[in-house]
Enquirer: 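Please read through the structure below; I'll follow up with questions.
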Amino acid sequence: MKAADQPASPGGSEIPDIPIFPLNTVLFPGGLLPLRIFEQRYMDMAKRCLKHDEPFGVCLIRSGREVGEPATPAAIGCTARIADWDMKQLGVLAVSTRGEQRFRIRETRITEAGLTRASVQLLAPDADAAIPPTFSACVELLRSVISEHGEGIFAPPLRFGSSAWVGARLAEILPIPMAAKQDLLELDDALQRIEILHRFLLHARRPDG
């Protein structure tokens with residue numbers, strides 16, 4: 001079952017109250033994130049988001065765990081909207097989500113059910129730019145991954161000329177530590193992100209890398 005896409009809000013605007021889902025992953029705008037939800041607090045969150053067509057926030061866990069006591073989220077995360085859902089297994093809600101817009105947490109609170117809610121400030125989209133020929137290896141790698149696994153691994157449209165899009169997709173799939181992915185998410189300059197990822201690829205391809 002599918003939900004409609006929604007446009008991103010302007011940077012600088014605020015969401016006074018949004019549920020936060022701390023996870024051991026980093027979500028980028030435009031990224032796809034499948035989730036299997038079984039804890040009651042997140043089941044209730046997902047049901048409300050579906051009913052009211054509202055997003056929730058995804059943040060990397062700074063301390064704590066995904067299950068059990070509320071984890072401490074990183075200050076910067078990304079809103080996610082449920083695009084598709086199913087419940088083939090009793091008590092387990094499978095949802096497909098898509099990242100929409102980065103945000104900075106201003107204040108958090110914990111509900112009686114153990115759900116973290118926050119007031120957040122939405123951040124402006126990355127300063128995008130065309131990809132210089134110097135970083136063409138980044139585009140070539142993405143094309144190779146898509147050729148092997150199919151276009152379905154990324155949400156359309158595929159924007160190979162966009163530094164913001166290519167950088168976000170590479171940051172999602174490359175085997176780099178989550179803390180480093182969080183640093184990349186927090187960058188406001190897409191070209192700077194591409195440059196960092198390009199250096200990572202060069203280092204990884206060295207015989208002694």
Side-chain angles (χ1 to χ4, degrees), residues 1-9 15 17-103 105 108-120 122 145-146 148-156 168-182 184-185:
M1 299 185 181
K2 295 184 178 295
D5 291 338
Q6 296 290 328
S9 301
I15 302 178
D17 186 42
I18 186 173
I20 301 295
F21 202 158
L23 293 167
N24 289 313
T25 193
V26 176
L27 178 64
F28 286 80
L32 299 178
L33 178 63
L35 295 170
R36 287 170 55 83
I37 299 174
F38 54 89
E39 285 192 89
Q40 191 60 48
R41 54 181 167 173
Y42 296 123
M43 292 278 276
D44 292 342
M45 178 199 76
K47 290 175 183 177
R48 178 179 174 84
C49 288
L50 282 166
K51 180 178 179 179
H52 299 283
D53 194 20
E54 295 174 344
F56 60 93
V58 172
C59 292
L60 178 67
I61 291 176
R62 194 171 65 191
S63 64
R65 302 172 57 190
E66 288 185 351
V67 179
E69 293 296 318
T72 302
I76 292 180
C78 183
T79 59
R81 194 174 297 268
I82 298 174
D84 198 2
W85 66 273
D86 206 340
M87 188 179 280
K88 295 181 179 178
Q89 181 180 345
L90 184 63
V92 178
L93 180 64
V95 299
S96 299
T97 72
R98 180 171 178 173
E100 291 189 337
Q101 191 165 357
R102 297 180 308 143
F103 63 81
I105 291 178
T108 63
R109 65 181 179 88
I110 307 297
T111 69
E112 292 183 1
L115 180 68
T116 300
R117 300 192 70 92
S119 61
V120 305
L122 296 174
V145 170
I146 291 172
E148 181 176 353
H149 298 283
E151 292 186 358
I153 62 172
F154 299 126
R169 302 295 77 80
L170 279 179
E172 291 167 353
I173 66 174
L174 286 176
I176 56 181
M178 284 299 165
K181 295 191 181 198
Q182 179 67 26
L184 290 169
L185 175 71

Enquirer: When you measure from the side chain of Ser96 to the backbone of Ala83, do you find a donor-acceptor pair of N or O atoms at a distance under 3.5 Å?
Expert: no
Enquirer: Are any side-chain N or O atoms of Arg81 and backbone N or O atoms of Asp53, one a donor and one an acceptor, separated by less than 3.5 Å?
Expert: yes
Enquirer: Val26 vs Leu184, test: side-chain contact (heavy atoms from CB on, under 4.5 Å). Steps then yes/no.
Expert: CA-CA 10 Å; Val26 176; Leu184 290 169; over 6 Å; no
Enquirer: Met178 and side-chain contact (heavy atoms from CB on, under 4.5 Å): which single residue from Ile61, Asn24, Thr25 fits?
Expert: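 Only one of Ile61, Asn24, Thr25 forms a side-chain contact (heavy atoms from CB on, under 4.5 Å) with Met178, namely Thr25.
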Enquirer: Per the salt bridge (charged side-chain N to carboxylate O under 4.0 Å, His left out) rule, what does the pair list look like for residues 61-71, sequence neighbours excluded?
Expert: none
Enquirer: State the CZ-CD1 distance between Arg117 and Ile20, to the nearest 0.5 angstrom.
Expert: 9.0 Å
Enquirer: Compare every heavy atom of Ile15 with every heavy atom of Ile18, then report the nearest pair and how far apart it is.
Expert: CB-CG2, 3.9 Å
Enquirer: How many angstroms lie between atom CG of Leu27 and atom CZ of Phe21, to the nearest 0.5 angstrom?
Expert: 12.0 Å
Enquirer: Measure across Arg169 and Phe154 and return the closest heavy-atom pair with its distance rounded to 0.1 Å.
Expert: CD-CD2, 3.5 Å
Enquirer: Counting only pairs under 3.5 Å, give me each side-chain donor-acceptor contact of residues 41-50, with atom names and distances, residues two or more places apart or in other chains.
Expert:
unit_1: Arg41; atom_1: NE; unit_2: Glu39; atom_2: OE1; d: 3.3
unit_1: Arg41; atom_1: NH1; unit_2: Gly68; atom_2: O; d: 3.3
unit_1: Arg41; atom_1: NH1; unit_2: Gly114; atom_2: O; d: 2.8
unit_1: Arg41; atom_1: NH2; unit_2: Glu39; atom_2: OE1; d: 3.1
unit_1: Arg41; atom_1: NH2; unit_2: Glu39; atom_2: OE2; d: 3.3
unit_1: Arg41; atom_1: NH2; unit_2: Gly68; atom_2: O; d: 2.6
unit_1: Asp44; atom_1: OD1; unit_2: Gln40; atom_2: NE2; d: 2.7

Enquirer: Testing the basics here: between Ala171 and Ile176, what is the closest heavy-atom pair and its distance to 0.1 Å?
Expert: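 Closest approach of Ala171 to Ile176: O-CD1, 4.3 Å.
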Enquirer: Donor-acceptor pairs under 3.5 Å, side chain of residues 73-80 to any protein atom, not counting sequence neighbours: which ones?
Expert:
unit_1: Thr79; atom_1: OG1; unit_2: Gln101; atom_2: N; d: 3.1
unit_1: Thr79; atom_1: OG1; unit_2: Gln101; atom_2: O; d: 3.3

Enquirer: Heavy atoms only: give me the nearest Asp86-Leu93 pair and the separation to one decimal.
Expert: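 Where Asp86 meets Leu93 most closely, the heavy atoms are O-CD1, 3.6 Å.
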Enquirer: Can you tell me how far CH2 of Trp85 sits from CD1 of Ile37, rounded to the nearest 0.5 angstrom?
Expert: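 CH2 of Trp85 is found 12.0 Å from CD1 of Ile37.
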Enquirer: When rounded to the nearest 0.5 angstrom, what distance separates CD1 in Ile110 from OG1 in Thr116?
Expert: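 OG1 of Thr116 is found 3.0 Å from CD1 of Ile110.
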Enquirer: Report yes if the side chains of Ile153 and Ile173 come closer than 4.5 Å at any heavy-atom pair, otherwise no.
Expert: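 Sidechains of Ile173 and Ile153: no contact.
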Enquirer: Measure across Val92 and Met87 and return the closest heavy-atom pair with its distance rounded to 0.1 Å.
Expert: O-CG, 3.3 Å
Enquirer: Enter the distance from Phe38:CZ to Gln89:CD here, rounded to the nearest 0.5 Å.
Expert: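 Phe38 atom CZ to Gln89 atom CD measures 10.5 Å (nearest 0.5 Å).
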Enquirer: Can you name the closest pair of heavy atoms from Pro29 and Ala168 and give their distance?
Expert: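 Between these two residues, the closest heavy atoms are O-CB, 4.4 Å.
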